[in-house]
Trainee: 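My questions all concern the structure below.
Lettering follows sequence order; numbering is per chain, from 1.
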4 protein chains.
Amino acid sequence: MCAASRTRGESDKGELRRQQVLEAATECFRREGFHGSSIARISQAAGMSPGHIYHYFANKEAIVEAIAEREEHDIAELLRKLEQDREGGGLVDMLTRQTAEIVERNTDPAYAGLMLELAAEAARNPAVRKILQRSEREIGGQFFRLVQRVGAPAALDDAELQMRLQMIALMFNGLTLRMLNDPDFDLDAAARLINGIIRFLLEEAPPR
Amino acid sequence: MCAASRTRGESDKGELRRQQVLEAATECFRREGFHGSSIARISQAAGMSPGHIYHYFANKEAIVEAIAEREEHDIAELLRKLEQDREGGGLVDMLTRQTAEIVERNTDPAYAGLMLELAAEAARNPAVRKILQRSEREIGGQFFRLVQRVGAPAALDDAELQMRLQMIALMFNGLTLRMLNDPDFDLDAAARLINGIIRFLLEEAPPR
Amino acid sequence: MCAASRTRGESDKGELRRQQVLEAATECFRREGFHGSSIARISQAAGMSPGHIYHYFANKEAIVEAIAEREEHDIAELLRKLEQDREGGGLVDMLTRQTAEIVERNTDPAYAGLMLELAAEAARNPAVRKILQRSEREIGGQFFRLVQRVGAPAALDDAELQMRLQMIALMFNGLTLRMLNDPDFDLDAAARLINGIIRFLLEEAPPR
Amino acid sequence: MCAASRTRGESDKGELRRQQVLEAATECFRREGFHGSSIARISQAAGMSPGHIYHYFANKEAIVEAIAEREEHDIAELLRKLEQDREGGGLVDMLTRQTAEIVERNTDPAYAGLMLELAAEAARNPAVRKILQRSEREIGGQFFRLVQRVGAPAALDDAELQMRLQMIALMFNGLTLRMLNDPDFDLDAAARLINGIIRFLLEEAPPR
DNA sequence: GATGAATGAGTTTTCATTCAT
DNA sequence: CATGAATGAAAACTCATTCAT
């Protein structure tokens, strides 16, 4: 039992405290942005002293990096769930069944705030950019293998399939920016059109 | 003649200096982000004293707003050009002819950096958000009217047409994020697929 | 005519402009205090450019000094009027007849604001202090001579008379501070008691 | 014992440091005025870094407020002492016995400088004005009750008594301004006349 | 006389980070 | 582990003053 909890917690209570910091920082970054969140505020939200934050993270940037890494795990988890929840139908059915949920997630202001914060940071900060890119590669690969397991369209070679999967991801990325720029954007209509495009990309569009 | 140039208000030297500030700030924001660019640095880049910046802008935020506004004018200009350059073919031909150029523009690291910076700022700063949204509405409306002038698909009512045009914009938005997350992203393939989707959206997809 | 206007205006339009500055500065100092009033704001209120203020005053402090000097002239004028308005009765009657008006003047927030501003400045700034003290001496002497003309109490020698006149001035000074500290201070009752004390000081109190 | 000192909250070292700031700021304000005393200078005088000042005070204004509050406590203490030191005689005797001391205090340049600084600030700054007014009310009430305990003149109803006590306070207020304007002001003669007026106000002046 | 663009030092305030306890 | 006092280097912004026009 003790061993098990060790394995889970990586180092007992310490890991828990570390997660507290990440949780608190994520919330702060969402609401106030990276530069708007002082260590003092984060430490307060995490229920510990400012000084003690530095027990778990070398500096403020390290917190951003850790959050970026955690984001990866969350999405990977989502993908795993996606495959398990498959009730029937082909690839397109499986994907389109999730669309509404992903649309909602990607247009949630809290998610959008954190995502854009990370992206803007990545655009300037190579360390953060590296993490985001590695994370993306990981997720992209996982998604690709999932699609192959479920049954990829025979007409598309690997490169073309990958490209089309990326186009799907691109649309979800675009949603976040679109929602920000147009508060009246119709999410249901968007989900419907996205599903149409997914089907088009995976079944109808000529292979080339 | 002199009166004419006065009316324009641009040759007033004061306006020139103001533009200097915007130019410098744009460059700084791209490279260092909004919060990473101090007034001191911007003033240095603009070739004037820090105090003098405040002769032209009430505060730092006002600079962001002015940049956002300028961005709007640039895109509006692009749209105007788009219509004038129409050499032949239908709506889809006109649009797809521009795709490669827009892809290039939206994935240019300098453009992407500024854009994400503005978006991240807008996600938290209501003043900036307002400007971006107004700008977007303006551009969206202009695009919509352009399409109607050129010849909108008969099968789509106004609301549905607008939605599909927004989906096109959404893809270009998504490009910026995708490029950041995947440095190996294949731009040519993306342009080809985007054009396929544009045709799908405006000619093939069922009206509903 | 020309000569006359020269004599009056000291230097034609220039003096007028100078007075404009003083007027504007006085109003600004009242409302925002010495340190709260920038040259920019004063120049705006005076209807001229910031740079041109320095045509009339060596620096900001010189404006304060000029205002302090002007204050002296205003009060001297008041004293002259006091003697002319004498309708009848003895010294005490003459003085008490003015009390209500002086009470009102000294508790007017605008007057109080400027007065305290000048006093606080004088407490630190020797130049301003000198001006205020010289002004006070001038006014005190004038007041003293006025009282002698009207008819000083026989029982008091010059030094004692002067002291008692100063006590009267002291009460009016105190009013300004009292009004600030107690917004409910009853001005009518104060005027009544002040008049009682004036009579006490000039007619009843033992000479010593 | 330790608990007791903790309860007092003064020995907490933190409180000591806080007092250091107040001491330093008081001295700075006296010498240079509120606006003439930068946080940098105050911090230097207090023997700590500029940033650390903000550990104890939210902003510069909060320091002024704390000083105003401390002034209140000092005067309240004085009043307490006044009652305890009562050796004999009636109300007027008790009051006049203190006059010389209060005259000296109110004409001490250091005290005068701080007082006028606070007053000038209060004339414009509502927050400071509130504090000064609350403090004044507190002290006025305390003074009033003290007089009633010692034995108020039977002929005066409460409102009239309070008014006359305020007139006494007014004279002491006036002293501060008078001393500033007339460096040769005779303090002994002033004390003598003030005592005469106190007796007049509490024993001789008709009740009305 | 008159303007207002321009400067640059100075102001308050914030904050990541360190370290004695 | 944990605290929070302490630092000091920024940051944004203001403003008296100067000077070319």
Side-chain angles (χ1 to χ4, degrees), chain A residues 11-14 17-18 34-44 46-63, chain B residues 12-14 16-18 34-44 46-63, chain C residues 11-14 17-18 34-44 46-63, chain D residues 12-14 16-18 34-44 46-63:
Chain A
S11 117
D12 259 20
K13 193 171 129 199
R17 297 282 265 161
R18 210 185 106 102
F34 177 58
H35 290 278
S37 305
S38 66
I39 291 285
R41 226 196 273 267
I42 293 171
S43 76
Q44 209 174 353
M48 70 183 67
S49 72
H52 201 46
I53 296 268
Y54 289 82
H55 204 76
Y56 301 108
F57 298 93
N59 50 36
K60 203 179 166 187
E61 196 167 289
I63 301 180
Chain B
D12 256 340
K13 194 187 168 208
L16 227 82
R17 295 286 265 162
R18 210 186 107 101
F34 177 59
H35 292 281
S37 305
S38 68
I39 290 287
R41 223 195 275 268
I42 293 172
S43 76
Q44 212 171 351
M48 69 182 70
S49 71
H52 201 45
I53 298 269
Y54 291 86
H55 219 72
Y56 300 107
F57 299 93
N59 47 39
K60 207 180 165 188
E61 194 168 289
I63 301 180
Chain C
S11 118
D12 258 20
K13 195 170 126 200
R17 297 283 264 160
R18 210 186 106 102
F34 177 58
H35 290 278
S37 305
S38 66
I39 291 285
R41 224 196 275 266
I42 293 171
S43 77
Q44 209 174 352
M48 70 183 68
S49 71
H52 200 46
I53 297 269
Y54 289 83
H55 204 75
Y56 300 109
F57 299 94
N59 50 36
K60 204 181 168 187
E61 195 166 291
I63 301 180
Chain D
D12 256 339
K13 195 186 166 209
L16 227 82
R17 296 286 265 160
R18 210 185 107 102
F34 177 59
H35 292 282
S37 306
S38 69
I39 290 287
R41 223 195 274 268
I42 293 171
S43 76
Q44 212 171 350
M48 69 183 68
S49 72
H52 201 43
I53 297 271
Y54 290 85
H55 218 74
Y56 300 107
F57 299 93
N59 48 39
K60 206 181 166 187
E61 195 168 289
I63 301 180

Trainee: Determine the minimum heavy-atom distance between B:F57 and B:R18, stating which atoms define it.
Mentor: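 Shortest heavy-atom contact: CE2-NH1, 3.5 Å.
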
Trainee: Might you confirm whether atom CD of B:E61 has over 12 heavy atoms from other residues, nucleotides or ligands at distances under 6.0 Å?
Mentor: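 Result for CD/B:E61: enclosed.
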
Trainee: If I take atom OH in residue B:Y54 and atom C1' in nucleotide E:dG10, what distance separates them, rounded to the nearest angstrom?
Mentor: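 The answer, rounded to whole Å, is 14 Å.
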
Trainee: Taking CZ from A:R41 and C1' from E:dA16, how many angstroms apart are they, rounded to a whole number?
Mentor: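 For the pair A:R41 CZ and E:dA16 C1', the rounded distance is 15 Å.
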
Trainee: Name the nucleic acid region contacted by B:S43, choosing base, sugar-phosphate or nothing; use a 4.0 angstrom heavy-atom cut-off, strictly under.
Mentor: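 Nothing, no nucleic acid heavy atom in range.
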
Trainee: Tell me the interatomic distance from C:N59, atom CG, to F:dT18, atom C1', rounded to whole angstroms.
Mentor: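 Between C1' of F:dT18 and CG of C:N59: 13 Å.
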
Trainee: Please report the distance, rounded to the nearest Å, between NZ in A:K60 and P in E:dC15.
Mentor: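 Checked: the NZ to P distance equals 8 Å.
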
Trainee: Would you kindly compare D:S38 and A:A58 by the position of their nearest DNA chain E nucleotide and give the one closer to the 5′ end?
Mentor: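 Per heavy-atom nearest nucleotide, the more 5' residue is D:S38.
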
Trainee: Here's a test of your reading of the structure: between D:H35 and A:H35, which maps to the more 5' nucleotide of DNA chain E?
Mentor: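 First, find each residue's nearest nucleotide; the 5'-ward one identifies D:H35.
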
Trainee: Whole Å only: how far is the CZ atom of C:F34 from the C1' atom of F:dA16?
Mentor: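 Whole-Å distance recorded here is 10 Å.
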
Trainee: More than 12 heavy atoms of other residues, nucleotides or ligands under 6.0 Å from CZ of D:R41: yes or no?
Mentor: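 No, CZ of D:R41 has 12 or fewer neighbouring heavy atoms, counting only those of other groups under 6.0 Å.
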
Trainee: Whole angstroms only, please: what is the CZ-P distance between A:R18 and F:dA2?
Mentor: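 Going from CZ in A:R18 over to P in F:dA2 covers 15 Å.
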
Trainee: Mind checking which stems touch DNA chain E? I mean at least 3 consecutive Watson-Crick or G-U pairs, both distances under 3.5 Å.
Mentor: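 For DNA chain E the paired stretches long enough to count as stems (3 pairs minimum) are E:2-21 with F:2-21.
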
Trainee: In whole angstrom, what separates C:I39's CD1 from F:dA16's P?
Mentor: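 Going from C:I39 (CD1) to F:dA16 (P), I get 5 Å.
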
Trainee: Show the distances under 3.5 angstrom between N or O atoms of the protein and N or O atoms of nucleotides 4-8 of chain F.
Mentor:
from	atom 1	to	atom 2	distance (Å)
F:dA5	OP2	D:H55	NE2	2.4
F:dA6	OP1	D:R17	NE	3.0
F:dA6	OP1	D:R17	NH2	3.4
F:dA6	OP2	D:H52	NE2	2.3
F:dA6	OP2	D:Y56	OH	2.6
F:dA6	O5'	D:H52	NE2	3.1
F:dT7	OP2	D:S49	N	2.9
F:dT7	OP2	D:S49	OG	3.3

Trainee: For a side-chain contact (heavy atoms from CB on, under 4.5 Å) check, start with the C-alpha distance between D:F34 and C:H35, then their side-chain angles and the critical distance, and finish with the verdict.
Mentor: CA-CA 10 Å; D:F34 177 59; C:H35 290 278; over 6 Å; no

Trainee: Taking all atoms of both residues into account, what is the closest heavy-atom pair of A:Y54 and A:I39, and its distance?
Mentor: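 A:Y54 and A:I39 have their closest heavy atoms at OH-CG1, 3.8 Å.
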
Trainee: Rounded to whole Å, how long is the line connecting atom CD1 of C:I63 with atom P of F:dC15?
Mentor: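 It is 14 Å, rounded to the nearest whole Å.
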
Trainee: Would you call the rings of A:H55 and A:H52 parallel, tilted or perpendicular, taking 30° and 60° as the class edges?
Mentor: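 Geometry flag for A:H52 against A:H55: parallel rings.
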
Trainee: A:S43: which residues meet the side chain to side chain contact (heavy atoms under 4.5 Å, CB included) condition with it, sequence neighbours left out?
Mentor: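 Only A:P50, A:I53 meet the side chain to side chain contact (heavy atoms under 4.5 Å, CB included) criterion with A:S43.
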
Trainee: Does atom CZ of B:R17 have more than 12 heavy-atom neighbours from other groups under 6.0 Å away?
Mentor: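 Atom CZ in B:R17 is crowded, with more than 12 foreign heavy atoms closer than 6.0 Å.
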
